[in-house]
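Here is the structure we will look at.
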Amino acid sequence: QVQLVESGGGLVQAGGSLRLSCAASGRTFSTYTMGWFRQAPGKEREFVAAIGWNSANLAYGDGMKGRFTVSRDNAKNMVFLQMNSLKPEDTAVYYCAAQRGLSSLTRKNDFNYWGQGTQVTVSS
């Protein structure tokens, strides 16, 4: 069982930056693929970014590569999402997710554990 707690969300102006953090419990964190997803009101949850257990495998959602950077610190059981050049359309609740092994970096149904989410609001 893995418990995930996100932090770092907030209100930022367009063009600004935020760094989201996700703290994970459990002694096997280093074996999990970690991902970030987001959900805006009235929309489906969409893939943002993911990182494999040793950071060798990375993936980003459409329009996010170059603006967002995912990273992890296995020694601290943490995963991060650095978001730059934020746009109003990035406004959503951002969720951290964990996947046992690696079935897919991008499919939300392959992720086994989810955090409660952190709100990101980008004003124009």
Side-chain angles (χ1 to χ4, degrees):
Q1 188 77 10
V2 175
Q3 293 185 325
L4 305 170
V5 179
E6 303 95 335
S7 62
L11 174 64
V12 64
Q13 288 188 331
S17 299
L18 280 175
R19 188 190 194 212
L20 304 184
S21 299
C22 174
S25 66
R27 288 176 289 181
T28 58
F29 171 79
S30 62
T31 66
Y32 283 77
T33 296
M34 300 300 296
W36 289 95
F37 292 77
R38 68 186 185 186
Q39 189 165 18
K43 295 188 177 181
E44 289 194 3
R45 192 168 297 189
E46 68 170 338
F47 170 71
V48 174
I51 184 167
W53 70 275
N54 64 352
S55 303
N57 295 307
L58 298 172
Y60 292 93
D62 292 340
M64 298 170 204
K65 190 173 185 179
R67 297 192 301 127
F68 293 2
T69 302
V70 62
S71 61
R72 67 190 295 163
D73 185 338
N74 287 342
K76 296 181 179 179
N77 281 19
M78 298 287 293
V79 63
F80 307 98
L81 183 68
Q82 177 67 43
M83 304 187 294
N84 299 327
S85 302
L86 283 163
K87 306 174 182 179
E89 51 265 42
D90 293 318
T91 295
V93 177
Y94 283 70
Y95 297 91
C96 176
Q99 176 184 155
R100 291 188 296 267
L102 177 58
S103 297
S104 165
L105 284 169
T106 63
R107 291 196 302 261
K108 59 180 179 290
N109 290 344
D110 286 326
F111 285 80
N112 310 103
Y113 305 102
W114 294 83
Q116 294 296 312
T118 185
Q119 176 70 47
V120 170
T121 303
V122 184
S123 64
S124 57

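The figures here come from the full heavy-atom set of this structure, side chains too, leaving out hydrogens, waters and symmetry mates.
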query = Is the side chain of E6 donor-acceptor paired with the backbone N or O of Q116 at a distance under 3.5 Å, no angle test?
reply = yes

inquiry  = Donor-acceptor pair, distance only, cut-off 3.5 Å: does the side chain of D73 make one with the backbone of M78?
reply    = no

inquiry  = Donor-acceptor check, side chain of Q13 to backbone of S123, threshold 3.5 angstrom: yes or no?
reply    = no

Just distance, no hydrogens or angles: give the donor-acceptor pairs under 3.5 Å from side chains in residues 25-35, sequence neighbours left out.
from : atom 1 : to   : atom 2 : distance (Å)
S25  : OG     : Q3   : N      : 2.9
T31  : OG1    : T28  : O      : 2.7
T33  : OG1    : G101 : O      : 2.6

note = On a heavy-atom basis, the closest approach of N84 and S17 is OD1-OG, 2.9 Å

inquiry  = To the closest 0.5 Å, what do you measure between CZ (R100) and CG (D110)?
reply    = 11.0 Å

query = Which pairs count as ring pair (Phe, Tyr, Trp, His ring centres under 6.0 Å) when at least one residue sits in residues 40-93, sequence neighbours excluded?
reply = F37-F47

note = Heavy-atom nearest pair, A14 first then S124, reads CB-CA, 4.4 Å

SG on C96 to CZ on F111, rounded to 0.5 Å = 9.5 Å

task = Please lay out, stage by stage, how V120 and M83 fare under the test side chain to side chain contact (heavy atoms under 4.5 Å, CB included).
result = CA-CA 10 Å; V120 170; M83 304 187 294; 3.9 Å; yes

key: Where I51 and S71 come nearest, the two heavy atoms and their spacing   = CD1-CA, 3.7 Å

ask   = Ignoring hydrogens and geometry, is there a side-chain-to-backbone donor-acceptor pair from Q99 to S104 under 3.5 Å?
value = yes

message = In this structure, would V5 and V70 fall into the same cluster of hydrophobic residues linked by side-chain contacts under 4.5 Å?
response = no

key: Minimal non-hydrogen separation, L20 against W36, with atom names   = CB-CH2, 3.7 Å

message = For the CG atom on N54, are there more than 12 heavy atoms of other groups (residues, nucleotides or ligands in this structure) within a distance under 6.0 Å?
response = yes

ask   = Got a second to check how far D90's CG is from R38's CZ, nearest 0.5 Å?
value = 4.5 Å

query = Roughly how far apart are K87 NZ and R67 CZ, rounded to 0.5 Å?
reply = 4.5 Å

key: Reported CG-to-OG1 distance for the pair L81 and T118, which is rounded to 0.5 angstrom   = 11.0 Å

message = Has T91 got a side-chain atom pairing as donor or acceptor with V122's backbone, closer than 3.5 angstrom?
response = yes

request  = For Q119, look at atom CD and say whether over 12 heavy atoms of other residues, nucleotides or ligands are found less than 6.0 Å away.
outcome  = yes

For N57 against L102, the heavy-atom pair lying closest together = ND2-CD2, 3.8 Å

query = Nearest 0.5 Å, what's the CD-CD distance between Q39 and E44?
reply = 8.0 Å

request  = Heavy atoms only: give me the nearest A92-A40 pair and the separation to one decimal.
outcome  = CB-N, 3.8 Å

query = Linking I/L/V/M/F/W/Y whenever any side-chain heavy atoms sit under 4.5 Å apart, do L4 and L18 land together?
reply = yes

